[in-house]
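Structure record follows, encoded as structure tokens.
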Amino acid sequence: MLDSVAHSTFLPNASFCDPLMSWTDLFSNEEYYPAFEHQTACDSYWTSVHPEYWTKRHVWEWLQFCCDQYKLDANCISFCHFNISGLQLCSMTQEEFIEAAGVCGEYLYFILQNMRSQGYSFFNDPEETKATIKDCLQSSHLWEFVRDLLLSPEENCGILEWEDREQGIFRVVKSEALAKMWGQRKRNDRMTYEKLSRALRYYYKTGILERVDRRLVYKFGKNAHGWQEDKL
DNA sequence: AAATGGTTTCCTGATT
DNA sequence: GAATCAGGAAACCATT
């Protein structure tokens with residue numbers, strides 16, 4: 001009966017390790033079993049149970065594991081949001097994860113979905129896994145791309161500049177360079193600032209960006225997250 | 001297989 | 001005149 005759940009909704013995500021070992025296979029195999037001390041017979045460790053069947057305690061243990069393993073800042077996690085069963089956890093959307101744990105929520109959501117589809121083999125190589133998570137978290141949305149560029153001086157090289165850090169107001173300094181970089185990300189060498197800015201204008205409607213009536217100046221709106229200084 | 005979201009492309013017109 | 005801004009309309013494409 002575990003098996004029937006094991007291959008559920010999520011399609012395997014291209015780049016991850018061994019496809020489709022069943023959960024029972026995985027957990028009877030020492031290799032996949034890291035150095036954890038466990039466990040009472042009545043309440044086994046979270047790694048030995050499919051996420052859908054986790055108890056509140058399992059969820060808690062999983063959170064702990066993720067914090068330790070991936071150095072997630074436990075302070076940004078609202079633990080009361082996670083006082084839930086595995087079934088409830090699995091039904092949370094990415095939005096809800098972000099609401100409950102900010103940027104860490106993105107990681108947690110990603111890790112959970114991969115565990116549901118791939119099992120614990122996901123954690124084979126912690127180092128590689130961490131790198132891959134980072135890759136996959138490379139946000140594909142334009143506003144996130146802009147945000148991340150703004151947040152990483154190395155990549156940025158003067159393309160974007162904060163106008164008012166507190167209020168999330170920024171300026172596009174090198175418009176063509178920005179378009180080129182966005183084009184590279186989307187593998188589209190026909191991208192121009194003209195077209196990119198059209199996409200940015202659509203964000204006014206959804207509250208991701210707010211209008212600032214100065215040329216090449218934009219402002220993050222109430223529905224944009226992850227740009228503020230204090231909450232990493 | 002159809003619906004949807006997030007752009008991409010193109011365009012006309014106004015503004016700086 | 002050149003670069004931007006404003007949006008409408010439609011095509012496109014990946015995901016659900």
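Chain letters run A, B, ... following the sequence lines, proteins first, then strands; residues in each count from 1.
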Practice task
Using side chain to side chain donor-acceptor pair (under 3.5 Å) as the criterion, list what pairs up with A:Glu99, not counting sequence neighbours.
Solution key: none

Practice task
Go through the side-chain N and O atoms of A:Gln88 and A:Ser85 and say whether any donor and acceptor fall under 3.5 Å apart.
Solution key: yes

Practice task
Tell me who clusters with A:Val173, hydrophobic residues only, linked when side chains sit under 4.5 Å apart either directly or through other members.
Solution key: none

Practice task
Could you encode protein contacts along nucleotides 8-16 of chain B as a string, one character per nucleotide from 5' to 3', using B for base contact, S for sugar-phosphate-only contact and - for no contact, with a heavy-atom cut-off of under 4.0 Å?
Solution key: BBB----BB

Return a table of donor-acceptor pairs under 3.5 angstrom between the side chains of residues 75-82 of chain A and protein atoms on other chains or two or more places apart.
from    : atom 1 : to      : atom 2 : distance (Å)
A:Asn75 : ND2    : A:Asp73 : OD1    : 3.3
A:Ser78 : OG     : A:His81 : ND1    : 2.5

Handout entry: Set of residues satisfying side chain to side chain donor-acceptor pair (under 3.5 Å) with respect to A:Arg165, sequence neighbours excluded
Key = none

Problem - Spacing between A:Glu176 atom CD and C:dA2 atom P, to the nearest angstrom - result: 15 Å

Problem - First of A:Lys205 and A:Ser175 reached from the 5' end of DNA chain C, by closest nucleotide - result: A:Ser175

Completion exercise
Between OH of A:Tyr204 and C1' of B:dG6 the distance, given in whole Å, is 17 Å

Exercise for the section: Take the protein atom CD of A:Gln113 and the nucleotide atom P of C:dT16, then report the distance between them rounded to whole Å. Expected result: 10 Å

Handout entry: Integer-rounded Å distance: C:dC5 P and A:Arg171 CZ
Key = 12 Å

Exercise for the section: Take atom CZ of A:Arg214 and atom C1' of C:dA3, then tell me their distance rounded to the nearest Å. Expected result: 18 Å

Problem - Nearest-Å distance for atom pair CG/P, residues A:Leu216 and C:dA6 - result: 11 Å

Exercise for the section: Can you sort out the partners of A:Tyr204 under side chain to side chain donor-acceptor pair (under 3.5 Å), two or more places apart, ordered by chain and number? Expected result: none

Exercise for the section: May I have the distance from A:Arg187 (atom CZ) to B:dT7 (atom P), rounded to whole angstrom? Expected result: 17 Å

Practice task
Would you kindly give the NE2-to-C1' distance between A:His141 and B:dT7, to the nearest whole Å?
Solution key: 9 Å

